[in-house]
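Before any comments, here is the structure.
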Amino acid sequence: MNEELKETTLKVADYSNEERKKLTKKMHVLFLLGAIASALFIILDLMGTADTGLTETIASFALGFSFGMLVVGVIVTSRYMIKIRKFKQRLLNR
């Protein structure tokens, strides 16, 4: 019986580690895209083209996306992520 419990615990730990790795990989990609968007905005702003036409739309999107990724990063790395996850689980169980 103890051997089965030990094996089950190891499987749960492995699953948890795999889920954490997947989340970390997704967050790295999103943060990289946020950094690229921020650099794009800075380039368009320094060139003086962030105020007109299509480039204004691109610059606005890039600024909004990079700010959004900043907010997501703060939430994910804070203690509030645990509370959000628990709330999500309660909603899904209903």
Side-chain angles (χ1 to χ4, degrees):
M1 185 72 159
N2 285 337
E3 192 64 34
E4 288 179 26
L5 180 62
K6 192 177 194 180
E7 191 174 313
T8 303
T9 305
L10 288 174
K11 286 181 181 180
V12 168
D14 286 342
Y15 177 77
S16 178
N17 285 338
E18 288 300 316
E19 288 298 312
R20 186 175 296 122
K21 285 179 185 178
K22 287 179 186 178
L23 177 64
T24 301
K25 187 174 182 178
K26 287 178 187 178
M27 295 311 299
H28 282 150
V29 169
L30 288 174
F31 291 152
L32 179 63
L33 290 174
I36 291 169
S38 183
L40 177 64
F41 172 77
I42 291 170
I43 290 168
L44 290 174
D45 193 43
L46 289 175
M47 289 174 45
T49 60
D51 298 333
T52 57
L54 179 63
T55 54
E56 179 183 12
T57 304
I58 294 170
S60 297
F61 176 79
L63 184 61
F65 186 79
S66 61
F67 181 74
M69 288 301 97
L70 180 65
V71 170
V72 167
V74 168
I75 291 172
V76 168
T77 59
S78 72
R79 66 178 184 260
Y80 295 110
M81 189 61 191
I82 296 169
K83 292 180 181 180
I84 292 170
R85 216 176 266 149
K86 287 180 182 177
F87 178 72
K88 183 176 139 183
Q89 287 175 345
R90 280 194 312 242
L91 285 178
L92 292 176
N93 288 335
R94 289 184 182 175

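In this structure, T55 contributes its side chain and T49 its backbone to a donor-acceptor pair below 3.5 Å. Side-chain atoms of D45 never come within 3.5 Å of backbone atoms of F41 as a donor-acceptor pair (strictly under, hydrogens ignored). In this structure a side-chain-to-backbone donor-acceptor pair under 3.5 Å is present from T77 to G73.
Atom CD1 in I58 sits 13.5 Å away from atom CG in L63 (nearest 0.5 Å). The structure places OG of S66 at 12.5 Å from CZ of F31, a figure rounded to the nearest 0.5 Å. Note that OG1 of T24 and NE2 of H28 are 6.0 Å apart. Values are rounded to the nearest 0.5 Å. To the nearest 0.5 Å, atom OG of residue S78 and atom CD1 of residue I84 are 7.0 Å apart. With rounding to the nearest 0.5 angstrom, the CE atom of M27 is 6.5 Å from the CE atom of M69. Here the CZ atom belonging to R90 is positioned 10.0 Å from the CG atom belonging to N93, to the nearest 0.5 angstrom.
In the hydrophobic clustering of this structure, V71 groups with F65; members are Ile, Leu, Val, Met, Phe, Trp, Tyr whose side-chain heavy atoms approach within less than 4.5 Å, directly or through other members. Linking Ile, Leu, Val, Met, Phe, Trp and Tyr residues whenever their side-chain heavy atoms come within less than 4.5 Å places L33 and V72 in a single cluster. Connection of I36 to V29 is not established within any shared hydrophobic cluster, with ILVMFWY side chains joined at heavy-atom distances below 4.5 Å, either directly or through further cluster members. In terms of hydrophobic clustering, with Ile, Leu, Val, Met, Phe, Trp and Tyr side chains grouped at heavy-atom distances under 4.5 Å, I75 and F67 are assigned to a common cluster. Under the 4.5 Å side-chain heavy-atom criterion for ILVMFWY residues, no single connected hydrophobic cluster contains both L40 and L70.
Evaluation of the side chain to side chain contact (heavy atoms under 4.5 Å, CB included) rule for S60 yields E56 as partners, not counting sequence neighbours.
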